[in-house]
Protein chains: 4
Amino acid sequence: MPKKVPSQALEVKDSISVGAVTTGKPLRADARRNRELILDVATKVFATEGLDVPIDEIANRAGIGIGTVYRHFPTKEELIEAVVFSFKQRLIEKASEMLEQNDPGQAFFNFLSLIVREGTGNKALIAALSRSGADIQRPLSGISLNFQNVLGELLNRAQQAGSVRSDIQVTDLTAILFSVLRTLEHNDDSGLSERILSVVCDGLRGRC
Amino acid sequence: MPKKVPSQALEVKDSISVGAVTTGKPLRADARRNRELILDVATKVFATEGLDVPIDEIANRAGIGIGTVYRHFPTKEELIEAVVFSFKQRLIEKASEMLEQNDPGQAFFNFLSLIVREGTGNKALIAALSRSGADIQRPLSGISLNFQNVLGELLNRAQQAGSVRSDIQVTDLTAILFSVLRTLEHNDDSGLSERILSVVCDGLRGRC
Amino acid sequence: MPKKVPSQALEVKDSISVGAVTTGKPLRADARRNRELILDVATKVFATEGLDVPIDEIANRAGIGIGTVYRHFPTKEELIEAVVFSFKQRLIEKASEMLEQNDPGQAFFNFLSLIVREGTGNKALIAALSRSGADIQRPLSGISLNFQNVLGELLNRAQQAGSVRSDIQVTDLTAILFSVLRTLEHNDDSGLSERILSVVCDGLRGRC
Amino acid sequence: MPKKVPSQALEVKDSISVGAVTTGKPLRADARRNRELILDVATKVFATEGLDVPIDEIANRAGIGIGTVYRHFPTKEELIEAVVFSFKQRLIEKASEMLEQNDPGQAFFNFLSLIVREGTGNKALIAALSRSGADIQRPLSGISLNFQNVLGELLNRAQQAGSVRSDIQVTDLTAILFSVLRTLEHNDDSGLSERILSVVCDGLRGRC
DNA sequence: TATGAATGAGCATTCATTCAT
DNA sequence: AATGAATGAATGCTCATTCAT
């Protein structure tokens, strides 16, 4: 039985080329701390205020210099991607957990529900995902590919169990998910989330 | 037998003065031409490149001076709204036509289908709907209200005819539409559109 | 005994080259009317809001087109000068009246008092005068010369009567006047006007 | 025997952070140099060309980027105020020195004389004073209040010594000073300055 | 002549990114 | 490594002036 991935996704920083330069060296302790700090703050700030927040703002709220932010993430774009990365990482963990469940249909719909719950009102998740996820044509790599894989796994099982209509593909699903999240971007009315989720789930079950 | 839509929803002003000041005077021939030119260009540009395109760009592509754009639309915001206005206007017209149809369910789903078809890859349309769909709390006015009214009419009839689940509200619907459009923003793959539309429609019919 | 100049200073329009093109032809009736209208509005608007008011504003308030304003005053600068012109014209009239008085000292100080009273809170008078009047080196011509002449006349007589210290020159005086007016630009507190006027008058009488 | 000015008026902050945010940290060497450079250039440029000079111009003349100007003074207004600040600061120092003199009347008139000398042809100084002198209603704060305090001190003593008429108030005085400076704005003819100063001083002594 | 539409240089301000300390 | 100062392209908007109707 697979152990749970540590929820903080810490082992990322140097082996995978997200942000910073990809040297083989592990980061110094303080640097690693800063990297995480930036990521945390950025995640929070992006989540609440959207991606238009200037880098200065993030540096300030993190209590560090702009230069430091840029040292870790040479580009705003890369910072955003790193944030997305963490999100996807978290979602992947959750998905893995769900895969353990017995009922494939249940697992699948639970996951959808989870995403909707996490994403409601989270501007960063949405805006960020919409960048890397909405463009379906683009071939995926790294984390996004992983994410898609787990999602596909969940989907397949549910389809094989007859809980989800069979003509749907993973890419359709991601598209739908991102789209729903975006809708909830400005609305934290949970009633709305529920109803939309319900519509989507019913729709995925297929015509009666 | 379907009644005609309440005239309130239909008598959208059709001649002049959207954005800018609403004087009674019709625009001079050349001004009207320019106004429409700007609107056309803006619509296209916004649709393809998003709302961040600078006004200069629009002016250039239209082959006119910046000042002219600002004469017609004193604010970028107003230009956007004018673009949105046209879109909603078109959709309202279509919706009105659909209301003539005998089968309320058919009418409703046809309209959804229409919107999806028109909206695929069209950022401006998405922005348009996002105004009435994204921020649900904000009370609507003018064209957006009209749009919501026609949509509500279509929805109600379909619900009374039992073609659509009854817990759905107009605002949910706009949210969903918006959501779907957003998804199709970067994807003109028609297969995707079809499947998503299908999922949404099935979902709206309700659990079997 | 000289008749009073008509207070509206109408005979200006074509013989003196202020504003418009200096053709010999008198203006058509409606043109003349417009010219005066513009001047009136500009005077009032400049007086209350300062010289930064856009020409559009003036045209609008006058209920005519911008083009018309520009036809009469090819440049904003010229419109301003025309406004100044009227002011000076009025002051010249008044000064002429004062010259009729028996007591030269009285006449002189009355005139100062008049200017202060008229100028208090009148942004246009002040800003305008400060343009054409504050630069003392520049040789005067036209109306400004006239103005200076009358003022000089008042001054001379008062000096000869021993009511004003003799080292003061007309240019000093205009400078002082403009300066006082500017001070009162933003203050309509009449107490202040009084005291400043009093200081200046006492100062002009000379050391006791 | 003249007491020292109340320390409140003197302890103007002298090191850093005028305009911008007032953090406790001293500026880095290069930053301080730039800040002063900007201030110098701005002072000179404002003084000679008025406050309408674009920020670009100032940046160019200082040989630095626009952004740098904005880093130090987030707003044009703040830059202007900083310039004003320096001026008033200098004047306050001078005034404090004068307060040391034995003869209160002498001290007072010397200060006036100083201001006139410094202010002749200096648009920035004029703007500076105009902040505290032009709009008398507005309650003062910070440096302007300090300035007014020292000036008031000088005035009071001179009045108590019988050298200045007693109906004059500090605000009248600033107004007058402002007024005189405005007059000298475009004129560096020292004869003019002298005569005007003389008139004002005599006027302030009061009717004989 | 009158009108007001068109023009575009000009300006304040922001922000991602680079670089000296 | 960290810092934060410097940079300057980019952007929304204004307004004097010109010109077609």
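Here the side chain of C:Arg71 is nearest to one of E:dT3, E:dT1, F:dC13, namely E:dT1. Comparing atom distances between the B:Tyr70 side chain and each of F:dG12, E:dA16, F:dA16 picks out F:dG12 as nearest. Across F:dT3, F:dG12, F:dA1, the shortest atom-to-atom separation from the side chain of B:Pro54 is found for F:dG12. Between E:dT7, F:dT3, F:dT17, one nucleotide has an atom nearer to the side chain of A:Thr68 than all others, and that is F:dT3.
Rounding to whole angstrom units, CD of residue D:Glu77 and P of E:dC11 are separated by 17 Å. Atom C1' of nucleotide E:dA16 and atom CZ of A:Phe73 are separated by 16 Å, given to the nearest angstrom. Here E:dT14 presents its P atom at 13 Å from CD of A:Glu57, a figure rounded to the nearest Å. The distance from atom CD of A:Glu78 to atom C1' of E:dT17 is 12 Å, rounded to the nearest whole Å. The CG atom of C:Asn60 sits 9 Å away from the P atom of E:dG4 (whole-angstrom rounding). Rounded to a whole Å, the CZ atom of D:Arg33 is 11 Å from the C1' atom of E:dT21. We find that CG of C:Leu79 is positioned 11 Å from P of F:dT17, with the value rounded to whole Å. Per the geometry, CG belonging to B:Leu51 stands 14 Å off P belonging to F:dT11, to the nearest Å.
Going from atom CG of A:Asp30 over to atom CZ of A:Arg32 covers 11.0 Å, rounded to the nearest 0.5 Å.
In this structure, the side chain of A:Lys76 does not engage the main chain of A:Pro54 through any donor-acceptor pair within 3.5 Å.
Two residues are said to be in side-chain contact when any heavy atoms from C-beta on lie closer than 4.5 Å; C:Thr68 and C:His72 meet this criterion. Side chains of C:Phe46 and C:Ile58 form a contact here, defined as non-hydrogen atoms less than 4.5 Å apart. Annotation: side chain of D:Phe73 is not in contact with side chain of D:Ile55 (no heavy-atom distance under 4.5 Å). Two residues are said to be in side-chain contact when any heavy atoms from C-beta on lie closer than 4.5 Å; B:Thr43 and B:Ser86 fail this criterion. Taking 4.5 Å as the limit, some side-chain heavy atom of A:Asn34 sits within range of a side-chain heavy atom of A:Leu37. Side-chain contact between C:Asp40 and C:Lys44: absent, with no pair of heavy atoms (C-beta onward) separated by less than 4.5 Å.
Comparing B:Lys76 and A:Val69, the nucleotide of DNA chain F nearest to each residue sits closer to the 5' end for A:Val69. Between D:Ile66 and B:Asp52, the residue anchored closer to the 5' end of DNA chain F is D:Ile66, taking for each the nucleotide with the nearest heavy atom. Along DNA chain E, the nucleotide nearest C:Gly67 and the nucleotide nearest B:Gly67 are compared for position; the residue whose nucleotide lies closer to the 5' end is C:Gly67. Each of A:Asp56 and D:Thr75 was matched to the nucleotide of DNA chain E holding its nearest heavy atom; the match closer to the 5' end belongs to D:Thr75.
Base pairing in DNA chain E yields stems of at least 3 consecutive Watson-Crick or G-U pairs, both distances under 3.5 Å, namely E:2-21 with F:2-21.
A close approach under 4.0 Å does not occur between any side-chain nitrogen or oxygen of A:Asn34 and OP1 or OP2 of F:dA1. For B:His72, a side-chain nitrogen or oxygen approaches OP1 or OP2 of E:dA6 to under 4.0 Å.
Heavy atoms of B:Ile55 sit under 4.0 angstrom from primed sugar atoms or phosphate atoms, though from no base atom.
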